[in-house]
Amino acid sequence: MRQTLIAATAIALAFAMQPVVAQDKPAAKPAAKMAAKKMAKPAVVEEKDAATLEFEKFRAKMIEDGNPAELFEAQGEELWKTKRGPNNVSLAETCDLGLGLGVVKGTYVQMPRYFADAGKVMDAERRIVWCMVEKQGFKAADLAKKPFAAETYTPEQTSLVTYVAGLSRDMKFAVPLKDPHVKEVYEIGKEVANHRAGPYDFSCNTCHGVDGKRIRMQQLPNISSKAGATTAVLGWPGYRMTGNRMLTLQWRMGDCFRQQRFPQPGYASDTVTSLLTFMTANANGSTYTGPGIKR
Amino acid sequence: MNKRHQFSILAAIAATAAIAAAPAFADSSHRAKAMTMMKADFTTKGQATADRIYEDGLQAVCNRSGNHPPEKIAKQLEGDQMATVKYPADGKLMGDWKAGEKLAQSGRGFTWNDAPGSPAGGNCYNCHQIAPSESSFGTVGPSLFNFGKLRGNTAENQKYVYSKIYNAKSYNLCSEMPRFGHVGALGEKQIKDLVALLLDPESPVNK
């Protein structure tokens with residue numbers, strides 16, 4: 001009993017710590033260091049924390065020197081405001097992210113949401129792609145061809161999502177679950193997360209179904225809990241140091257399906273939206289700390 | 001795949017009957033919608049064929065019971081799983097722990113970027129603590145450090161470990177551990193090497 005309590009506290013601390021470290025406000029740093037010290041001491045959650053802490057320190061240092069995500073935010077802003085595509089219009093003048101034409105601030109933490117013009121619940125990246133296709137006239141198939149960054153290439157939609165996400169920094173997740181369309185997709189997403197299949201019988205929940213587990217040294221957030229779901233969606237879109245590239249949650253879902261030994265989910269598909277709806281709504285009420293850095 | 005499918009069909013029939021008898025396990029509308037959606041959204045990439053999203057009989061039972069099927073169904077299906085375990089013809093269940101350690105380290109196999117037909121690793125350290133020299137281990141499964149020392153290197157225990165690796169579901173129907181032998185991820189020699197890693201008194205696991 002006592003053991004579990006201690007472990008729970010340590011885990012809660014670990015979760016509480018992450019947003020603090022991921023933030024780029026200088027004032028937050030001493031607090032992060034204190035939390036780090038407190039955690040390291042009891043060594044309850046085994047040695048995992050040595051490596052995690054090492055990474056957290058490194059991440060804090062990197063952010064001190066300038067959060068690489070900001071570069072992509074700036075690129076995204078320019079893409080958002082420039083007239084582009086076959087129709088030569090800007091997203092700023094044509095794209096509604098849920099809070100009105102051209103409004104960006106606060107939209108990221110309120111997606112996925114239902115968009116009546118598309119008749120669908122959409123996550124941020126999917127909505128941006130929808131606007132690029134429907135308003136600017138880009139071809140959906142072209143945007144789906146190489147949707148994720150490589151070391152020397154960042155898709156436009158990645159920069160755009162990063163820009164949009166940056167304008168929700170320090171705001172609370174508020175996926176509109178009261179909307180029955182959203183609730184329906186949330187429930188479907190929960191089923192997808194439960195669905196075991198494939199050669200290894202894995203589901204999302206095999207790896208993300210309970211608190212405090214890890215694969216090798218990598219922490220596995222429990223996406224069904226508020227704390228775990230918060231960890232799961234914080235820091236995305238994120239600059240990933242493995243491979244030096246800016247990646248979005250659309251990418252993360254695909255890479256986890258790969259590890260799950262599943263086939264490939266469609267880019268900007270209903271399946272991915274349903275999982276993002278499930279996780280982000282579970283994080284409702286937590287504060288989004290903005291685009292960050294990922295291992 | 002063929003064998004697996006045959007089994008799946010049998011199990012699916014049994015499971016469907018069981019499920020039909022227990023209305024609590026019927027597909028919810030959300031589940032049905034999730035399946036339709038996934039059918040539309042997934043495509044084959046590399047060896048990860050689109051049909052991997054379909055459940056076999058055992059998966060269907062676990063998915064519909066929140067991984068806790070009624071005792072009676074679980075016991076019966078565990079028996080079916082146990083019946084799939086093929087033991088080595090020579091009766092020897094222990095191989096080379098050094099080869100086992102290498103295999104336990106590798107997380108390769110069955111993903112869309114693994115070359116089709118390339119040998120799969122054991123993935124064991126992803127989920128288990130095993131030898132003390134490896135500090136990067138997962139915790140999805142229990143620690144197996146000192147497994148042989150604690151549980152004994154008896155013939156019975158060798159058989160247990162061999163069959164557990166071959167088909168983890170024969171002991172625990174909805175275990176999170178894959179069925180390595182059953183799905184053809186690991187062959188007879190490889191499983192023997194892993195048994196040795198866990199049970200051989202010379203293995204660092206038991207030092």
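Every chain is numbered from 1 and lettered A, B, ... according to where its sequence line falls, protein lines coming before strand lines. Computed from a prediction, not measured in an experiment: that's the story for all the values here.
- For a residue to count as touching a neighbouring chain, one of its non-hydrogen atoms must lie under 4.5 Å from one of that chain's; by this rule Phe202(A) touches chain B with the side chain only.
- Distance CD1/Ile215(A) to CG/Asn123(B): 8.0 Å, rounded to 0.5 Å.
- Looking at Thr206(A), the atoms closer than 4.5 Å to chain B (heavy atoms on both sides) sit in the backbone and in the side chain alike.
- A salt bridge between Glu184(A) and Lys33(B) is present, with a side-chain N of the basic residue lying under 4.0 Å from a carboxylate O of the acidic one.
- A donor-acceptor distance shorter than 3.5 angstrom exists from the side chain of Thr139(B) to the backbone of Arg214(A), with no hydrogens or angles considered.
- Arg216(A) has a carboxylate O that lies under 4.0 Å from a charged side-chain N of Glu134(B), or vice versa, which qualifies the two as a salt bridge.
- Using a distance-only test at 3.5 Å, with no hydrogens or angles considered, no donor-acceptor pair links the side chain of His195(A) to the main chain of Met38(B).
- The CE atom of Met37(B) lies 6.5 Å from the CG atom of Asp270(A); values are rounded to the nearest 0.5 Å.
- Interatomic distance, CG of Asn63(B) versus CD of Glu191(A), reported as 9.0 Å (0.5 Å rounding).
- In this structure a side-chain-to-backbone donor-acceptor pair under 3.5 Å is missing from Lys45(B) to Pro263(A).
- Using a 4.5 Å cut-off between heavy atoms, Gln218(A) makes no contact with chain B at all.
- Heavy-atom distances place the backbone of Asn194(A), and not its side chain, under 4.5 Å from chain B.
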